[in-house]
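Okay, structure first, notes after.
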Amino acid sequence: MMKRKKIFRCGRLPSEFFNRPTLSVAKELLGKIMVYGKYAGVITETEAYIGQDDPACHAARGKTPRNSVMFGPAGVSYVYFIYGMYHCLNFVTEEEGKAAAVLIRGLMLLEPSQEHLNGPGKLCRHLGITCEHNGLDLGQSEFFYVKDSPLSPPFEATPRIGIRQGQDKLWRFVVKKEKQK
DNA sequence: ACCCCGATCGTA
DNA sequence: ACGATCGGGGTT
């Protein structure tokens, strides 16, 4: 008798997932599983940075060596160094030539421990993500990718954190806390 | 060559 | 609410 296969394949998200409107990608990444080496966790918080018209986006003043991968194809990591001591991880979105990305701000680890990495700096520090990991193709890498998930958790939209310009946009998306029984 | 500031974090 | 911290991007 044939065994039924798992209903949810939960395969890797392809580059096409990221090659879409950034706000859609930022919202839909919530609940997905990010895999980085031995680490795996549920994405719980994201922010969208969209193109040269978004004053908070690193690409607002054009292409530079630092932000160049934002102008490239979607589904690639964009890692930058900030405040002299932290790194931040993004995933490039939209079609090649349009500079946009989603900042990963929160990760609920599943493996190998179960802590909640809240904050982009803490997240990168804990996982060991640095500028060496800038420009990696999440559609190809064996150790760094995002898995699909049946989860579609409720979330709220707020202004983005730590920016001076563009605070009018509600482009931060946070999974709501689970209600306690 | 140099200056200034930041997509943060932890403590007050 | 605020200070620590400092590399490097952007400009001189």
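What you are looking at is a predicted structure, and each value in this text was computed from that prediction instead of being measured. We use all heavy atoms of the structure for the numbers below, so side chains are in, but hydrogens, waters and symmetry mates are not. Here is how names work: the chains are called A, B, and so on, in the same order as the sequence lines, proteins then strands, and each is numbered from 1.
- Using a 4.5 Å cut-off on side-chain heavy atoms (C-beta onward), I33(A) and V146(A) make no contact.
- Contact annotation: T64(A) side-chain N/O to dG9(C) OP1/OP2 distance is not under 4.0 Å.
- Between Y39(A) and Y36(A), the angle of the ring planes stays under 30°, which puts this pair in the parallel group of the 30/60° scheme.
- Among the protein residues, G121(A) comes within range of the sugar-phosphate backbone only, with heavy atoms under 4.0 Å from sugar or phosphate atoms but none that close to a base.
- dC6(C) and dC2(C): their P atoms are spaced 22 Å apart (whole Å).
- If you take atom C1' in dC9(B) and the same atom in dG9(C), they sit 22 Å apart, rounded to whole Å.
- Going from atom CG of N90(A) over to atom C1' of dG6(B) covers 14 Å, rounded to whole Å.
- With dT8(B), dG10(B), dA7(B) as the choices, the nucleotide that has an atom nearest any side-chain atom of R125(A) turns out to be dG10(B).
- The phosphate of dT8(B) (OP1 or OP2) has a side-chain N or O of R105(A) nearer than 4.0 angstrom.
- Comparing the P positions of dT5(C) and dA1(C) gives an interatomic distance of 23 Å, to the nearest angstrom.
- Remark: R20(A) is positioned above the aromatic ring of F17(A), its terminal NZ or CZ atom under 6.0 angstrom from the ring centre and at most 45 degrees off the axis.
- With centres under 5.5 Å and a plane angle under 30°, the ring of Y49(A) is stacked against the base of dA7(B).
- Rounded to the nearest Å, the gap between the P atom of dT11(B) and that of dG7(C) is 22 Å.
- Across the protein-nucleic acid pair, H87(A) atom NE2 and dG8(C) atom C1' stand 12 Å apart, rounded to whole Å.
- With rounding to whole Å, N134(A) atom CG is found 15 Å from dG7(C) atom C1'.
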| said: Can you give me the dot-bracket string for DNA chain B, 5' to 3', counting Watson-Crick and G-U wobble pairs with both distances under 3.5 Å, using [ ] for crossing pairs and | for partners on another strand? | reply: ||||||.||||.
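- For Y86(A) and dC9(B), the OH to C1' distance is 4 Å, given to the nearest whole Å.
- Considering all non-hydrogen atoms of both residues, S68(A) and K63(A) come closest at CB-CE, 3.8 Å.
- Nearest approach of L117(A) to H126(A), heavy atoms of both residues: CD2-CG, 3.8 Å.
- Projected onto DNA chain C by closest heavy-atom contact, H58(A) and G84(A) fall at different nucleotides, the more 5' of which corresponds to G84(A).
- Scored by the ring-ring contact (aromatic ring centres under 6.0 Å, His included) test, Y145(A) finds no partners at all (sequence neighbours excluded).
- Here R160(A) does not reach the OP1 or OP2 of dT8(B): none of its side-chain N or O atoms lies under 4.0 Å away.
- Here the closest heavy-atom approach between residue I104(A) and residue T46(A) is recorded as CD1-CG2, 4.3 Å.
- Between the P atom of dG9(C) and the OH atom of Y83(A) lies a distance of 16 Å, rounded to the nearest Å.
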| request: Start with the C-alpha distance between Y49(A) and H58(A), add both sets of side-chain angles, then the distance that settles ring pair (Phe, Tyr, Trp, His ring centres under 6.0 Å), and finish with yes or no. | output: CA-CA 8 Å; Y49(A) 290 87; H58(A) 286 169; 7.2 Å; no
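- As a whole-Å value, the separation of I163(A) CD1 from dC5(B) P is 18 Å.
- Counting non-hydrogen atoms under 4.0 angstrom, L103(A) reaches a base of the nucleic acid.
- Minimum atom distance to the side chain of M85(A) is reached by dT5(C), of the listed dT8(B), dC9(B), dT5(C).
- Scanning atom types as modelled, one donor and one acceptor separated by under 3.5 angstrom connect the side chain of Y80(A) and the base of dA7(B).
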